[in-house]
Amino acid sequence: MSKILIVEDEKNLARFIELELQHENYETTVANDGRAGLELALNEEWDAILLDLMLPHLNGMEVCRRIRQVKQTPIIMITARDSVIDRVSGLDHGADDYIVKPFAIEELLARLRSLLRRVETAEQSAKQTTLEYRDLVVEKESRIVRRGEEVIDLTKREYELLLTLMENVNIVLTREVLLNKVWGYETEVETNVVDVYVRYLRNKIDHDDEESYIQTVRGTGYVMRT
Ligand code: CA
């Protein structure tokens, strides 16, 4: 049973979403403000978080940003305003998807299912011994990286960074998350070391005449998208 955290200050809407999700066999918890939502998000494990944008105490964008500093829990942002700016900045802050109020509950359920499926696919690929992204292949046991026929020589860090990105295709990874995964929690290095290594990696895996395989998500981090 998937556990979903609903962070929404409109109590009637929160209750409505909760009942619909429970009807679909999800386990739910509701938080009515940003601070309570952040605390629950950080202290418990959730399969996904539905996060309203306009919240008392701490807005949804800030809650999202703070969750992403330490966790990759899938987040769907609920926004009342259908402006491009909100959508873009929501995704920039690390949300995986967004839905605009008022929405049909079927649409929310469909997006939630699709997000949970994406995460499951990513988790499965983490278990595979060979990872593929377009014509890029990583053989985990031999640590061989190839693009097409060409074998690419990577340093240990570059390899770990590429592996992390390829194990999380379509999931935006913040600099903090990458730093923790590739360099470890005890590290004292600055987050901009991630940018430096992404540049090294791009120089080795990308072809000059094409868009980079590693996309920059402005202000947040990096992703390899299918
Ligand atoms: Ca609200």
Side-chain angles (χ1 to χ4, degrees), residues 1-120 122 168 170-177 215-223 225:
M1 201 192 268
S2 296
K3 268 181 76 186
I4 313 294
L5 174 62
I6 303 161
V7 189
E8 169 61 74
D9 60 317
E10 289 168 51
K11 293 210 167 79
N12 289 339
L13 179 60
R15 184 69 188 140
F16 171 65
I17 296 172
E18 182 170 46
L19 289 173
E20 291 289 334
L21 290 186
Q22 286 173 355
H23 185 68
E24 299 289 318
N25 280 322
Y26 291 104
E27 198 185 317
T28 56
T29 298
V30 170
N32 290 125
D33 67 72
R35 203 168 290 154
L38 179 64
E39 202 162 295
L40 279 164
L42 296 180
N43 295 333
E44 291 182 35
E45 292 308 313
W46 305 93
D47 293 293
I49 300 172
L50 304 178
L51 179 60
D52 186 31
L53 181 64
M54 304 293 276
L55 290 167
H57 303 316
L58 209 57
N59 73 49
M61 214 75 90
E62 186 59 20
V63 173
C64 185
R65 199 183 64 76
R66 295 201 199 172
I67 293 170
R68 278 292 171 270
Q69 287 177 346
V70 280
K71 281 187 164 182
Q72 287 162 258
T73 315
I75 297 174
I76 298 179
M77 196 82 100
I78 302 173
T79 155
R81 295 169 294 170
D82 185 17
S83 79
V84 174
I85 292 290
D86 282 342
R87 274 183 275 162
V88 169
S89 59
L91 297 175
D92 269 357
H93 281 78
D96 298 276
D97 200 358
Y98 64 89
I99 190 164
V100 179
K101 282 186 199 173
F103 51 81
I105 193 72
E106 290 75 18
E107 192 191 346
L108 178 66
L109 293 171
R111 289 191 182 219
L112 186 58
R113 276 194 302 271
S114 125
L115 181 59
L116 293 173
R117 253 197 323 267
R118 257 156 61 197
V119 171
E120 200 179 317
N168 293 280
N170 291 323
I171 296 173
V172 176
L173 300 175
T174 63
R175 290 178 176 77
E176 287 81 6
V177 165
Q215 289 184 23
T216 304
V217 180
R218 190 168 48 88
T220 306
Y222 298 95
V223 63
R225 286 195 212 279

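Computed over heavy atoms, backbone and side chain alike; hydrogens, waters and symmetry mates excluded. Numbering of ligands and ligand atoms starts at 1, following listing order.
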(request) With Leu115 as reference, evaluate Asp96, Ile75, Asp47 under the side chain to side chain contact (heavy atoms under 4.5 Å, CB included) test and give the passing residue. (result) Asp96
(message) Show the nearest heavy-atom pair for residues Lys71 and Asn43, with the distance to one decimal.
(response) NZ-N, 4.5 Å
(request) Apply the side chain to side chain contact (heavy atoms under 4.5 Å, CB included) test between Met77 and each candidate in Leu51, Val63, Ile49; give the one that qualifies. (result) Leu51
(request) Anything protein N, O or S sitting under 3.0 Å from the Ca ion (ligand 1): count it and give me the total. (result) 3
(request) Assess whether atom CD of Glu24 is packed by more than 12 heavy atoms of other residues, nucleotides or ligands within 6.0 Å. (result) yes
(request) Locate the shortest heavy-atom distance separating Arg111 from Asp97; write the atom from each residue and the value. (result) NH1-OD1, 3.1 Å
(request) For Glu27, check side-chain contact (heavy atoms from CB on, under 4.5 Å) against everything at least two apart and list the hits. (result) Met1, Lys3
